[in-house]
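Before I ask anything, let me first share the structure, which is written out below as structure tokens.
Worth saying up front: this structure is predicted, and the values here are computed from it rather than measured.
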Amino acid sequence: MVFSSLIFLFFFLPAVLLCYYIVPQRFLAARNGVLLAFSLFFYFYGEPRLIVLLLLSILVNYLFGLLMRSPYKKAWLALCVLFNVAMLGVFKYLNFFITTANSLLHTALPSADIVMPIGISFYTFQTLSYVIDVYRRDVWPQKNPFSLALYVAMFPQLIAGPIVRYHDVDQQLAGRTHQAAAFSEGIDRFVYGLSKKVLLSMCLHRLRTGYSFFRPGN
């Protein structure tokens, strides 16, 4: 599901806004639950099998975050970095390494039957940045795993970034206010960005690839 698709614009996004704002503002935990549920569905829609990997990454890094207050936090941090780099390397670069080895060494290693999960780079580095922020004592460990999951899986940045540092948003997970002026500004920015995507980016891409706008049936 991409942000310029009809299913996102006319079904998913209106459903998110309706369910979110129908919950009274004083029930922030329930609003966070709405955002988390829709964010996980958003990822499940594109990667129904590999959502398990996302949840595993969140759970493991949540536990590492709790361990950053132990006397052996340096060792735990090293293990955390190793876990995240290994997961990213296996799912994103393993076949690249195999192809390179076959080319340089004239071997015939078979390619691994691995599907690269959507957004794995973004959510891997986000979870890692959380653990590092806790290690540096920039923030306290997140006791609520659902709040950490919301930080990682928030659908506007899950599959395409940008990578958001945890210490920049940790206070907003626990408390935030909503204003009509800010909401209106957000709509303006979204429409402006969507217009650039549809009217400029996609058209320039078609021109660059030699796609004709005047083919029959288009």
| field | S39 side chain to L35 backbone, donor-acceptor under 3.5 Å | value |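 Yes; at least one donor-acceptor contact below 3.5 Å.
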| query | Is there a side-chain contact between Y130 and L148 (heavy atoms, below 4.5 Å)? | reply |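 In contact.
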| task | State, with a plain yes or no, whether a side-chain heavy atom of I58 is found less than 4.5 Å away from one of Y123. | result |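 Of all side-chain heavy-atom pairs linking Y123 with I58, none is under 4.5 Å.
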| task | Answer yes if I22 and L17 sit in the same cluster of Ile, Leu, Val, Met, Phe, Trp and Tyr residues linked by side chain heavy atoms under 4.5 Å apart, and no otherwise. | result |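 Yes, same cluster.
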| Non-hydrogen side-chain atoms of I163 and Q157 separated by less than 4.5 Å |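 Answer no - side chains too far apart.
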| said: To the nearest 0.5 Å, what is the distance between CD1 on I51 and CZ on F41? | reply: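 I51 atom CD1 to F41 atom CZ measures 10.0 Å (nearest 0.5 Å).
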| How far does CG of L40 sit from CG of L54, to the nearest 0.5 angstrom? |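 It is 6.5 Å, given to the nearest 0.5 Å.
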| task | For side chain to side chain donor-acceptor pair (under 3.5 Å), just list the numbers for N84 and T124, CA-CA rounded to whole Å, side-chain angles, deciding distance to a tenth of an Å, and then say yes or no. | result | CA-CA 6 Å; N84 285 282; T124 298; 5.1 Å; no
| Is there a donor-acceptor pair closer than 3.5 Å between any side-chain N or O of S129 and the backbone N or O of Q126? |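 Side chain of S129 to backbone of Q126, a donor-acceptor pair under 3.5 Å: yes, one is there.
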| query | Is there a side-chain contact between R176 and N32, using heavy atoms and a 4.5 Å cut-off? | reply |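 Side chain of R176 against side chain of N32, heavy atoms only: contact under 4.5 Å found.
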| query | Do L158 and M154 have side chains that get closer than 4.5 Å, going by heavy atoms? | reply |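 L158 does not reach M154 side chain to side chain.
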| said: Keeping R31 on the side-chain end and V23 on the backbone end, is there a donor-acceptor pair under 3.5 Å? | reply: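 Here the side-chain-to-backbone pair exists.
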| message | What I want to check is whether the side chains of H167 and D138 have a donor and an acceptor closer together than 3.5 Å. | response |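 The answer is no; no qualifying pair exists.
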| query | Is a side-chain donor or acceptor of Q25 paired with a backbone partner of T177 at a separation under 3.5 angstrom? | reply |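 Side chain of Q25 to backbone of T177, a donor-acceptor pair under 3.5 Å: no, none is there.
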| said: According to a hydrophobic-cluster definition based on side-chain heavy atoms being under 4.5 Å apart (Ile, Leu, Val, Met, Phe, Trp, Tyr only), do L28 and V16 belong together? | reply: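 The answer is no; the residues belong to distinct hydrophobic clusters.
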| Nearest non-hydrogen partners of L77 and M68, listed with the distance |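 Heavy atoms only, the tightest pair is N-CE, 3.6 Å.
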| message | How close do L88 and S121 get, counting heavy atoms only, and between which atoms? | response |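 Shortest heavy-atom separation between L88 and S121 comes out as CD1-OG, 3.8 Å.
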| query | What are the two closest heavy atoms between Y43 and L50, and how far apart are they? | reply |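 Closest heavy-atom pair between Y43 and L50: CE2-O, 4.0 Å.
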| Rounded to the nearest 0.5 Å, how far apart are OH of Y192 and CZ of R189? |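 Spacing of OH (Y192) from CZ (R189) equals 11.0 Å.
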| Side-chain donor/acceptor of S70 to backbone N/O of L67, under 3.5 Å |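 Checked: pair present.
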| query | Of all heavy-atom pairs between Y166 and Q142, which one has the smallest distance, and what is that distance? | reply |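 In terms of heavy atoms, the two residues are closest at OH-NE2, 2.9 Å.
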| message | Is there a side-chain contact between L128 and C80 in this structure, where contact means two heavy atoms from C-beta onward sitting under 4.5 Å apart? | response |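 Contact flag for L128/C80 side chains = yes.
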| task | Group every Ile, Leu, Val, Met, Phe, Trp and Tyr by side-chain heavy-atom contacts under 4.5 Å, then state whether F190 and L6 land in the same group. | result |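 In one cluster with F190: L6, yes.
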| task | Would you check if S57 and Y62 make a side-chain contact, meaning some heavy-atom pair closer than 4.5 Å? | result |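 Not in contact.
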| field | Value rounded to 0.5 Å, distance of CG in L150 from CG in L36 | value |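 Between L150 CG and L36 CG, I get 6.0 Å after rounding to 0.5 Å.
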| request: Decide if atom CZ of F83 counts as having more than 12 heavy atoms of other residues, nucleotides or ligands within a radius under 6.0 Å. | output: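 More than 12 heavy atoms, drawn from other residues, nucleotides or ligands, come within 6.0 Å of this atom.
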| said: Measuring only between side-chain heavy atoms, which start at C-beta, is V60 closer than 4.5 Å to F64? | reply: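 With C-beta onward as the side chain, the pair touches.
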| Under the side chain to side chain contact (heavy atoms under 4.5 Å, CB included) criterion, do I98 and L94 qualify, and how do the steps go? | CA-CA 6 Å; I98 292 175; L94 180 58; 4.1 Å; yes
| message | Checking the side chain of S195 only, and the main-chain atoms of V191 only, is there a donor and an acceptor separated by less than 3.5 Å? | response |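 Yes: the side chain of S195 pairs with the backbone of V191.
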| request: Quick one: closest heavy-atom pair of P141 and V134, and the distance? | output: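 Looking at all heavy atoms of both residues, the shortest contact is CG-CG1, 3.7 Å.
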| From CG (L13) to CD1 (I7), nearest 0.5 Å |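 The CG atom of L13 sits 12.5 Å away from the CD1 atom of I7.
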| Distance, nearest 0.5 Å, that separates OG1 of T127 from CG of L56 |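 Reported value, rounded in 0.5 Å steps: 10.5 Å.
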| message | One pair to check against side chain to side chain contact (heavy atoms under 4.5 Å, CB included): L194 and L9. What are the steps and the verdict? | response | CA-CA 10 Å; L194 180 64; L9 294 173; 3.9 Å; yes
| query | Are R69 and W140 in a cation-pi setup, meaning NZ or CZ lies under 6.0 angstrom from the ring centre and within 45 degrees of the ring axis? | reply |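 Because its charged atom sits under 6.0 Å from the ring centre and within 45° of the axis, R69 does stack over W140.
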| Any pair counted as ring pair (Phe, Tyr, Trp, His ring centres under 6.0 Å), so long as it reaches residues 10-34, sequence neighbours left out |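 Found F8-F12, F12-F38, F12-F42, F12-F155, Y20-H178, Y21-H178, Y21-F183.
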| field | Nearest atoms (heavy-atom pairs only) where Y151 meets L173 | value |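 Taking every non-hydrogen atom into account, CB-CD1, 4.0 Å.
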| query | Hey, any chance V85 and M87 share a hydrophobic cluster, counting ILVMFWY side chains that come within less than 4.5 Å of each other, even indirectly? | reply |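 Yes, V85 connects to M87 through the hydrophobic network.
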